[in-house]
Amino acid sequence: MTFDPHNVDLTTIDATDVICYLNTSENDYNGKLGARISAIFVIGIISSIATFFPVVAKRAPRLRIPLYVYLFAKYFGAGVIVATAFIHLLDPAYSEIGSGSCVGMTGHWADYAWCPAIVLTSLMIIFLMDFGAERWVEKKYGLCRDDPEPIMASASGVEADADVHVHHDHDHAPAHRVASRNRSDKTMKEMEEASEIWSETEIERSFQQQIAAFLILEFGVIFHSVIIGLNLGVTGEEFDSLYPVLVFHQSFEGLGIGARMSSIPFREGSLLPWFLCAAYGLTTPVSIAIGLGVRTTYNSDSYTANVVSGVLDAISAGILIYTGLVELLARDFLFDPHRTKDDKRLAFMIMSLLLGAGIMALLGKWA
């Protein structure tokens, strides 16, 4: 029987029908095509600049970007990523497919708490991928966390071997000194070569460990950006307030992406960091353009749109929760053996982190 909102019997009506009716609306597009087209370029340019800035600052030392400016960008961005996970992804996912939503009260969606289950599954898959990548790198380079580094051990062995041969025959002292000097020169050369190989190995290992985690992070953020772009293209009266908020929203997220990318040791001349920055900067503008293309037919409040958006938000929330808390916070602040001991710098890093999380959480009031 079709639900008739004009003829409701409160004693027999299914509450799910009422909730679904209240949540459903028609397409809200209300014109302002020029302003919406401008959003494609404004958001694209500003968010791209924010994304490229940390990468350029790190890879172009001649620009002489002050250390504290770079640290602010890096840890402000980390706070933005964490806040995005909880405020801009997890909460919307619950409102779209949670137990109190129209979707969550119908069909098999009502049989289980699917929203947190999707978040948990996403988080665990990312953990397994991260751990698998780290273990693969360890096995590839024959390294273990508890074992001495083989190359350095080899270099130490060479150095120790140089002191083994000691002669006490004074008649042969000059010849011995020449031979000893030659061995010493050879030993130093071998140590320098071993050190160079070790540095290259460390850089390659660090890159392979970090790039997988970063690609997962950008994948989660791009999912979120697609939904944002589509909604901005078709939203109605909310457009005037949503437009400027999303300019800041996407720029802050871009800053987080760029700051994280800047710490990855890409090979000299690699185009990958520039490609990844551009990919994020273009995602939202392209999505806005697609939203404008379907502006008269796409309904962001429809049942299907809520299912797709809710699942994508839940998946992205799991990705960003793991990445934000483990890859950004725990790894940089708790488990980094090279973490600075300068309390002033640490305090600045923490304040930047909290500021980023706070501002991004505040933006959740509007977007």
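Keep in mind that what you see is a predicted model, and the values were worked out from it rather than measured. Atom set for the values below is all heavy atoms of this structure, side chains included, hydrogens, waters and symmetry mates excluded.
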Write down the atom of [X], the atom of [Y], and the distance for their closest heavy-atom approach.
X: Gly310; Y: Ala93; answer: O-CB, 3.8 Å
X: Phe53; Y: Leu255; answer: CD2-CD1, 4.5 Å
X: Val55; Y: Pro273; answer: CG1-CB, 4.3 Å

* Begin with the C-alpha distance, continue with both residues' side-chain angles, and end with the deciding distance and a verdict on side chain to side chain contact (heavy atoms under 4.5 Å, CB included) for Leu232 and Ile43. => CA-CA 11 Å; Leu232 185 64; Ile43 292 179; 3.7 Å; yes

* Is there a donor-acceptor pair under 3.5 Å between the side chain of Ser352 and the backbone N or O of Phe72? -> no

* Please identify each residue that fulfils side-chain hydrogen bond (donor to acceptor under 3.5 Å, both in side chains) with Ser47, with sequence neighbours left out. => none

* To do: Would you please name every residue forming a ring-ring contact (aromatic ring centres under 6.0 Å, His included) with Phe219, sequence neighbours left out?
  => Phe223

* Asked: Under the ring-ring contact (aromatic ring centres under 6.0 Å, His included) rule, what pairs show up with a residue in residues 228-257, not counting sequence neighbours?
  -> Phe76-Phe252, His88-His249, His224-His249, Phe239-Tyr243

* Qualifying ring-ring contact (aromatic ring centres under 6.0 Å, His included) pairs with a residue from residues 308-335, counting only residues at least two apart or across chains -> Tyr75-Phe333

So, using side chain to side chain contact (heavy atoms under 4.5 Å, CB included) as the criterion, who are the partners of [X] when residues are at least two apart?
X: Ile290; answer: Leu230, Val286
X: Ile37; answer: Leu33, Phe41, Leu292
X: Arg345; answer: Leu67, Tyr68, Leu71, Thr340, Asp342, Met349
X: Asp336; answer: His338, Arg339

* Can you hop from Ile216 to Phe131 via hydrophobic side chains spaced under 4.5 Å? -> yes

* Worked verdict on Phe214 versus Ile257 for side chain to side chain contact (heavy atoms under 4.5 Å, CB included) -> CA-CA 8 Å; Phe214 174 79; Ile257 289 288; 3.8 Å; yes

Are any non-hydrogen side-chain atoms of [X] and [Y] less than 4.5 angstrom apart?
X: Phe86; Y: Ile321; value: yes
X: Ser101; Y: Asn306; value: no
X: Thr121; Y: Met124; value: no
X: Leu329; Y: Leu325; value: yes
X: Leu320; Y: Leu217; value: yes
X: Pro54; Y: Lys74; value: no

Counting only pairs under 3.5 Å, give me each side-chain donor-acceptor contact of residues 107-120, with atom names and distances, residues two or more places apart or in other chains.
residue : atom : partner : partner atom : Å
His108  : ND1  : Asp111  : OD2          : 2.9
Trp114  : NE1  : His108  : O            : 3.1

Between [atom1] on residue [X] and [atom2] on residue [Y], distance to nearest 0.5 Å:
X: Ile125; Y: Ile315; atom1: CD1; atom2: CD1; result: 8.5 Å
X: Ser316; Y: Ile227; atom1: OG; atom2: CD1; result: 8.5 Å
X: Leu272; Y: Ile264; atom1: CG; atom2: CD1; result: 8.5 Å
X: Leu276; Y: Ile211; atom1: CG; atom2: CD1; result: 6.0 Å

May I have the list of side-chain donor-acceptor pairs in residues 357-367 shorter than 3.5 Å, sequence neighbours left out?
none

* Structure fact -> So the salt bridge (Lys or Arg N to Asp or Glu O under 4.0 Å) pairs with at least one residue in residues 250-260 (sequence neighbours excluded) are Arg260-Glu327

* Residues that Asp240 engages under salt bridge (Lys or Arg N to Asp or Glu O under 4.0 Å), provided they are two or more places apart -> Lys32

